[in-house]
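What you see is a predicted model, and the numbers here were worked out from it, not measured in a lab.
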Amino acid sequence: MSADPSGTRAIRATDDDRTAVITALDSALASGQLDQFEHYERVRVATSARNVDDLRPLFADLQGVRVRLHGDRGPTREEPTSSSPTAAPTRHPWGCLAVFLVAAMLIAGVFLAISASDDPDPGAQDVTIGDRAGRAEQGAEHGAEEGADQGESRVLDNPAPLSAAGLERIFTTAGQASGSELATSLVVHPEHAVLAWTDPEHPSRTLRQLYRGGWSGWADSPSTREESFRLADLDAALIAPVIAGAPESLGIGGEAGAFLNVTADDAGRPSYTVHVSNEVHQSGFLEVDHAGEAVRVVPPR
């Protein structure tokens, strides 16, 4: 088990922790605290973080964000203060007697259970043995049938989120993952995606879920009353070529990275914004509507 240099045990990060941090980083990007390149780099680190302490520096310098991670509740016991001497534990003779009586009762219960099982019903024993044998035989037959059906081992395909196949998978599974037909935003990065939707039972709350080859983890935050779009209206075949050509369209060269942000337009239809940045902090974005028509193009300044 890993530990930090001070000897404190490191706490493993969960998908809930990563989702909460990514949500805070998205808010910081929207408020202008982070530029697109900084946001992209921090999200990349958050996605692969193994321990909770790896996540804390990612939002420590941000204003107006509240992120609660595992281990944030503080110590579970009170430590004695330096001004008061440590008191020696008080011994209670009645406590020892109570422990003795409980142990005696447990031993008596064990003897009674053994005595009750010494003379079982032969018929019941036969039924039990026969039942176990039948179940084992059925399990063996089921396993054989499964092996015949499956044949050779298969390698599961897991396409990159921003590829056409990856976007199609995200778009078609988002509704089932959230239990909602609507979403307020869907942000797709090269290695993960974050879906947000308004809680139908509590409209003042926004729910979020993380995608990394599959949907897992969740977080919630106060709702910003954003408009929603229908997940069924998302079109992977339309937006995938736009993402692939975005660096060239914006004139951003080098090792360019991109991410997609889907929100709702005034009519409640998906609006796609592709953000691109490279290693020398050139960044820009382009926006297309539900039909793939350009709405806005902002190249690097």
Going only through I, L, V, M, F, W and Y residues with side-chain contacts under 4.5 Å, is there a path from [X] to [Y]?
| X | Y | answer |
| --- | --- | --- |
| Ile170 | Val187 | no |
| Tyr211 | Tyr272 | yes |
| Leu286 | Leu29 | no |
| Ile243 | Val262 | yes |
| Trp197 | Phe171 | yes |

Validation row: [X], [Y] side chains within 4.5 angstrom (heavy atoms):
| X | Y | value |
| --- | --- | --- |
| Leu162 | Leu260 | yes |
| Leu234 | Phe229 | yes |
| Val295 | Thr273 | no |
| Asp15 | Arg18 | yes |
| His192 | Ile22 | yes |
| Thr263 | Glu227 | no |
| Gln209 | Leu207 | no |
| Leu34 | Leu62 | yes |

- Would you please test Asp289 and Ser271 for side-chain contact (heavy atoms from CB on, under 4.5 Å) and show each step? CA-CA 5 Å; Asp289 63 15; Ser271 175; 5.8 Å; no
Exercise: identify the closest heavy-atom pair between [X] and [Y]:
| X | Y | value |
| --- | --- | --- |
| Val276 | Ala258 | CG2-CB, 4.1 Å |
| Ser163 | Gly166 | OG-N, 3.0 Å |
| Gly284 | Ile252 | N-CD1, 3.7 Å |
| Ser277 | Ser283 | CB-CB, 3.8 Å |
| Gly292 | Leu238 | N-CD1, 3.6 Å |
| Gly253 | Asn278 | O-ND2, 3.0 Å |

- Item | Between His39 and Phe259, ring centroids under 6.0 Å | yes
Taking atom [atom1] of [X] and atom [atom2] of [Y], what is their separation to the nearest 0.5 Å?
| X | Y | atom1 | atom2 | answer |
| --- | --- | --- | --- | --- |
| Leu58 | Glu38 | CG | CD | 12.0 Å |
| Leu231 | Leu182 | CG | CG | 7.0 Å |
| Asn158 | Arg212 | CG | CZ | 11.0 Å |
| His275 | Glu287 | NE2 | CD | 9.0 Å |
| His290 | Asp265 | NE2 | CG | 7.0 Å |
| Asp53 | Arg12 | CG | CZ | 12.5 Å |

Kindly check if the number of other-residue, nucleotide or ligand heavy atoms within 6.0 Å of [atom1] ([X]) is above 12?
| X | atom1 | result |
| --- | --- | --- |
| Glu279 | CD | yes |
| Asp266 | CG | no |
| Arg50 | CZ | no |

- Before giving the answer on side-chain contact (heavy atoms from CB on, under 4.5 Å), spell out for Val274 and Val288 the whole-Å C-alpha distance, their side-chain angles and the decisive distance to 0.1 Å. CA-CA 8 Å; Val274 182; Val288 299; over 6 Å; no
- Query: Is the closest side-chain donor-acceptor distance between Thr14 and Asp17 under 3.5 Å?
  - Reply: yes
- Task: Could you please spell out the steps behind the side-chain contact (heavy atoms from CB on, under 4.5 Å) verdict for Arg296 and Phe285?
- Result: CA-CA 8 Å; Arg296 189 161 53 146; Phe285 67 91; 3.8 Å; yes
